[in-house]
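Basis for what follows: all heavy atoms, side chains included, without hydrogens, waters or symmetry-related copies.
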Amino acid sequence: METIENIKHAGLKLTPQRRMIYETMTRLRHATLEDIENDLRKKGVEMATSTVYRVLESFCRAGVLSLFFHPETGKGYYDITTKEHHHIFSDAQVSDFEAPGLSDVVREYLRRQNIPEEDIEKVQVQITTIHK
């Protein structure tokens, strides 16, 4: 479960900026830098883009957030869920797709391709749906 305590457990100082950005991420789940800035502005918080970016990068380095990229647009999305999971992209919407069996299948395939298990940090499959 995502709580503010995750910031402290990661060895980061709990600054007001980190708190606000983390609370925004717990609501949004997946968000671009622009999504986060827009959410903060709606709440009356003005924060420099460089500050938001530095906080997000510190969260990723500490394992508090993860970062993935939209397979079609290349746009970066920050993700509050750091455990291994997959994503479904439907137009501009991103959803988590929990399928541990899928990760196992991919790992087995990679093993058969002579890629050692210890070299695989995380399996993340990204599924893009047909635009209707």
Side-chain angles (χ1 to χ4, degrees):
M1 181 162 178
E2 300 88 18
T3 69
I4 290 297
E5 293 301 310
N6 288 353
I7 296 171
K8 293 177 186 175
H9 291 316
L12 298 172
K13 182 178 177 187
L14 182 59
T15 65
Q17 294 86 352
R18 284 183 176 143
R19 176 186 289 274
M20 285 185 275
I21 291 170
Y22 192 79
E23 288 172 349
T24 296
M25 284 302 303
T26 60
R27 279 191 310 284
L28 298 178
R29 313 299 301 167
H30 305 104
T32 64
L33 176 70
E34 295 82 14
D35 294 335
I36 295 163
E37 288 181 311
N38 290 337
D39 191 79
L40 291 169
R41 264 189 234 102
K42 286 179 190 173
K43 295 189 174 1
V45 176
E46 289 297 326
M47 197 179 300
T49 298
S50 60
T51 300
V52 176
Y53 179 77
R54 279 193 309 274
V55 168
L56 291 169
E57 288 304 301
S58 71
F59 283 169
C60 288
R61 279 191 307 279
V64 174
L65 296 179
S66 61
L67 175 64
F68 63 91
F69 296 90
H70 192 290
E72 291 180 348
T73 66
K75 187 168 262 201
Y77 285 81
Y78 294 92
D79 190 346
I80 195 76
T81 305
T82 57
K83 68 180 172 95
E84 185 172 275
H85 67 288
H86 313 291
H87 295 105
I88 295 179
F89 295 87
S90 179
D91 295 323
Q93 298 294 320
V94 181
S95 309
D96 285 339
F97 180 59
E98 300 288 337
L102 179 57
S103 297
D104 295 339
V105 168
V106 171
R107 277 191 165 76
E108 176 58 26
Y109 174 82
L110 294 172
R111 188 189 63 70
R112 288 194 312 268
Q113 301 303 310
N114 297 317
I115 299 173
E117 175 75 24
E118 60 271 9
D119 288 351
I120 301 168
E121 181 180 350
K122 190 187 303 188
V123 172
Q124 289 185 313
V125 175
Q126 298 186 45
I127 301 162
T128 306
T129 62
I130 296 173
H131 305 293
K132 292 184 181 184

Practice task
Show your reasoning for whether side-chain contact (heavy atoms from CB on, under 4.5 Å) applies to I80 and Y22.
Solution key: CA-CA 8 Å; I80 195 76; Y22 192 79; 3.5 Å; yes
Problem - L14 backbone acceptor or donor facing R19 side chain under 3.5 Å - result: no
Practice task
Look only at the side chain of S90 and the backbone of Q93, and say whether a donor-acceptor pair between them is shorter than 3.5 Å.
Solution key: no
At what distance, to the nearest 0.5 angstrom, does [atom1] of [X] lie from [atom2] of [Y]?
X    : Y    : atom1 : atom2 : answer
R111 : I120 : CZ    : CD1   : 10.5 Å
E98  : E84  : CD    : CD    : 10.0 Å
L65  : I7   : CG    : CD1   : 8.5 Å
E5   : K8   : CD    : NZ    : 4.5 Å
T51  : R54  : OG1   : CZ    : 4.5 Å
T24  : L40  : OG1   : CG    : 4.0 Å

Exercise for the section: Quick one: do E117 and R107 satisfy salt bridge (Lys or Arg N to Asp or Glu O under 4.0 Å)? Show the steps, please. Expected result: CA-CA 7 Å; E117 175 75 24; R107 277 191 165 76; 2.8 Å; yes
Hey, are the side chains of [X] and [Y] touching, using non-hydrogen atoms and a 4.5 Å cut-off?
X   : Y    : value
D79 : D96  : yes
H86 : S103 : yes
E34 : K75  : yes
V55 : M47  : no

Practice task
Could you tell me which residues satisfy side chain to side chain donor-acceptor pair (under 3.5 Å) with E57, sequence neighbours excluded, listed by chain and number?
Solution key: Y78
Problem - Hphob cluster co-occupancy, M25 + V45, side-chain heavy atoms under 4.5 angstrom - result: yes
Practice task
Indicate, with yes or no, if V94 and V123 share a hydrophobic cluster defined by side-chain heavy-atom contacts under 4.5 Å among Ile, Leu, Val, Met, Phe, Trp and Tyr.
Solution key: no
Problem - Contact summary for H85 and K83, nearest pair of heavy atoms - result: ND1-O, 2.7 Å
Practice task
Locate the shortest heavy-atom distance separating F89 from P71; write the atom from each residue and the value.
Solution key: CE1-CD, 3.4 Å
Handout entry: With F59, the side-chain contact (heavy atoms from CB on, under 4.5 Å) member among T82, L67, N6, I21
Key = I21
Handout entry: From CA spacing to verdict: side-chain contact (heavy atoms from CB on, under 4.5 Å), Q126, T128
Key = CA-CA 7 Å; Q126 298 186 45; T128 306; 5.7 Å; no
Practice task
Check the pair R112, E108 against salt bridge (Lys or Arg N to Asp or Glu O under 4.0 Å), reporting the backbone distance first and the verdict last.
Solution key: CA-CA 6 Å; R112 288 194 312 268; E108 176 58 26; 3.6 Å; yes
Practice task
Show your reasoning for whether side-chain contact (heavy atoms from CB on, under 4.5 Å) applies to D39 and D35.
Solution key: CA-CA 6 Å; D39 191 79; D35 294 335; over 6 Å; no
Fill in the blank from the handout: Sorted by chain and number, sequence neighbours left out, ring-ring contact (aromatic ring centres under 6.0 Å, His included) with H30 holds for F68, H87
Exercise for the section: For atom NZ of K42, decide whether the heavy atoms of other residues, nucleotides or ligands shown that lie under 6.0 angstrom number more than 12. Expected result: no
